[in-house]
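Every value quoted in this text rests on a predicted model; they were computed, and no experiment measured them.
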Amino acid sequence: MHISDDAIRAPVRTPETAAFWDAANEKQLLYAICRACGKPHYYPRKLCPFCFSARVDWNPSSGTGKLYSFSFFRKGQPPYVLAWVTLEEGVTIMTNITECDTELLRIDGKVEVVFKPAEDGQLTPLFKPA
């Protein structure tokens, strides 16, 4: 089955996540690195989820990585693939896979970010096979 990106829900935009979504509108994927403990993390937030420091910096990602795990939801409307992708920078993120034939997806397969508009026009980072 081929996956498309017909119905992307609008993300919740907050002051805490504004920089992330502004970068996405410029087709740039950001992730964070904590200056206190040095660990990278993703989803956008002000506090490090490892040490709770507020000393967090946004960093641009290469936008490439490998498929760590995925699940295909056939009964979704439309059907979709939920995945964990490990970026080259070492952080693993939850995302959706798009523009692919699901039969060709493989663990450790290379993927790259693509930006698709959500229902409100906000560009949203998804991944497709590289």
Side-chain angles (χ1 to χ4, degrees):
M1 177 174 274
H2 187 77
I3 294 296
S4 68
D5 50 300
D6 296 335
I8 301 171
R9 293 182 126 179
V12 175
R13 188 182 178 101
T14 66
E16 183 177 61
T17 63
F20 176 86
W21 294 114
D22 288 345
N25 279 334
E26 300 295 322
K27 296 186 176 184
Q28 178 65 64
L29 177 63
L30 297 181
Y31 69 101
I33 293 182
C34 177
R35 284 182 279 144
C37 71
K39 293 182 180 178
H41 63 271
Y42 182 91
Y43 188 77
R45 62 191 96 181
K46 282 195 299 190
L47 297 177
C48 172
F50 302 105
C51 72
F52 304 109
S53 170
R55 296 176 30 210
V56 173
D57 293 325
W58 293 106
N59 294 281
S61 167
S62 65
T64 60
K66 290 185 177 181
L67 195 55
Y68 176 79
S69 178
F70 65 93
S71 292
F72 180 46
F73 292 86
R74 295 182 197 288
K75 293 186 179 182
Q77 293 301 321
Y80 64 96
V81 176
L82 182 67
W84 287 96
V85 168
T86 302
L87 298 174
E88 283 185 17
E89 294 81 10
V91 65
T92 300
I93 67 173
M94 184 182 285
T95 187
N96 290 105
I97 304 297
T98 188
E99 299 180 21
C100 70
D101 179 346
T102 57
E103 300 300 318
L104 300 177
L105 291 176
R106 300 287 181 259
I107 300 300
D108 284 332
K110 292 184 179 184
V111 293
E112 62 188 7
V113 72
V114 292
F115 293 88
K116 303 288 183 173
E119 59 195 6
D120 66 351
Q122 169 67 57
L123 290 183
T124 305
L126 305 174
F127 282 78
K128 69 176 185 175

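Taking 4.5 Å as the limit, some side-chain heavy atom of Pro129 sits within range of a side-chain heavy atom of Ile97. Side-chain contact between Leu105 and Cys100: present, with at least one pair of heavy atoms (C-beta onward) separated by less than 4.5 Å.
Note on Leu47 and Leu30: separate hydrophobic clusters, where clusters join Ile, Leu, Val, Met, Phe, Trp and Tyr whose side-chain heavy atoms are under 4.5 Å apart, directly or indirectly. Placement of Ile8 and Val12 in two distinct hydrophobic clusters is found when ILVMFWY residues are connected by side-chain heavy-atom separations under 4.5 Å, directly or transitively. There is no path of hydrophobic side-chain contacts, each under 4.5 Å, that joins Leu67 to Leu104. In the hydrophobic cluster analysis, where Ile, Leu, Val, Met, Phe, Trp and Tyr join through side-chain heavy atoms closer than 4.5 angstrom, Val56 is grouped apart from Val91.
Put simply, the side chain of Glu16 gets close to the backbone of Lys46: a donor and an acceptor are under 3.5 Å apart. Judged by distance alone, with hydrogens and angles left aside, the side-chain atoms of Gln28 form a donor-acceptor pair with the main-chain N or O of Ser61 at under 3.5 Å. Using a distance-only test at 3.5 Å, with no hydrogens or angles considered, a donor-acceptor pair links the side chain of Asn96 to the main chain of Val81.
The distance from the CD atom of Glu88 to the OG1 atom of Thr86 is 11.5 Å, given to the nearest 0.5 Å. Atom-to-atom distance recorded for Lys116:NZ and Thr98:OG1 is 5.5 Å, nearest 0.5 angstrom. Of the inter-residue distances, the one linking Asp57 atom CG with Arg35 atom CZ reads 4.5 Å to the nearest 0.5 angstrom. One distance of note links CG of Asn59 with CD1 of Ile33; it measures 4.5 Å at 0.5 Å rounding. Considering NZ of Lys66 and CG of Asp108, their distance stands at 5.5 Å, rounded to 0.5 Å. To the nearest 0.5 Å, the span separating CG on Leu82 from OG on Ser69 amounts to 8.5 Å.
The two residues Ala24 and Phe115 make their nearest non-hydrogen contact at O-CD2, 3.6 Å. Contact between Ala118 and Ala10 at its shortest, heavy atoms only, is CB-CA, 3.8 Å.
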Inset, instruction - Show your reasoning for whether salt bridge (Lys or Arg N to Asp or Glu O under 4.0 Å) applies to Arg9 and Glu119. - result: CA-CA 6 Å; Arg9 293 182 126 179; Glu119 59 195 6; 5.5 Å; no
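Partner Leu29 forms a side chain to side chain contact (heavy atoms under 4.5 Å, CB included) with one of Thr64, Val114, Leu87 and no other, that one being Leu87.
Sorted by first and then second residue, the ring-ring contact (aromatic ring centres under 6.0 Å, His included) pairs with a member in residues 52-71 form an empty list; sequence neighbours excluded. Residue pairs meeting the ring-ring contact (aromatic ring centres under 6.0 Å, His included) criterion with at least one partner in residues 9-46, sequence neighbours excluded, are Phe20-Tyr42.
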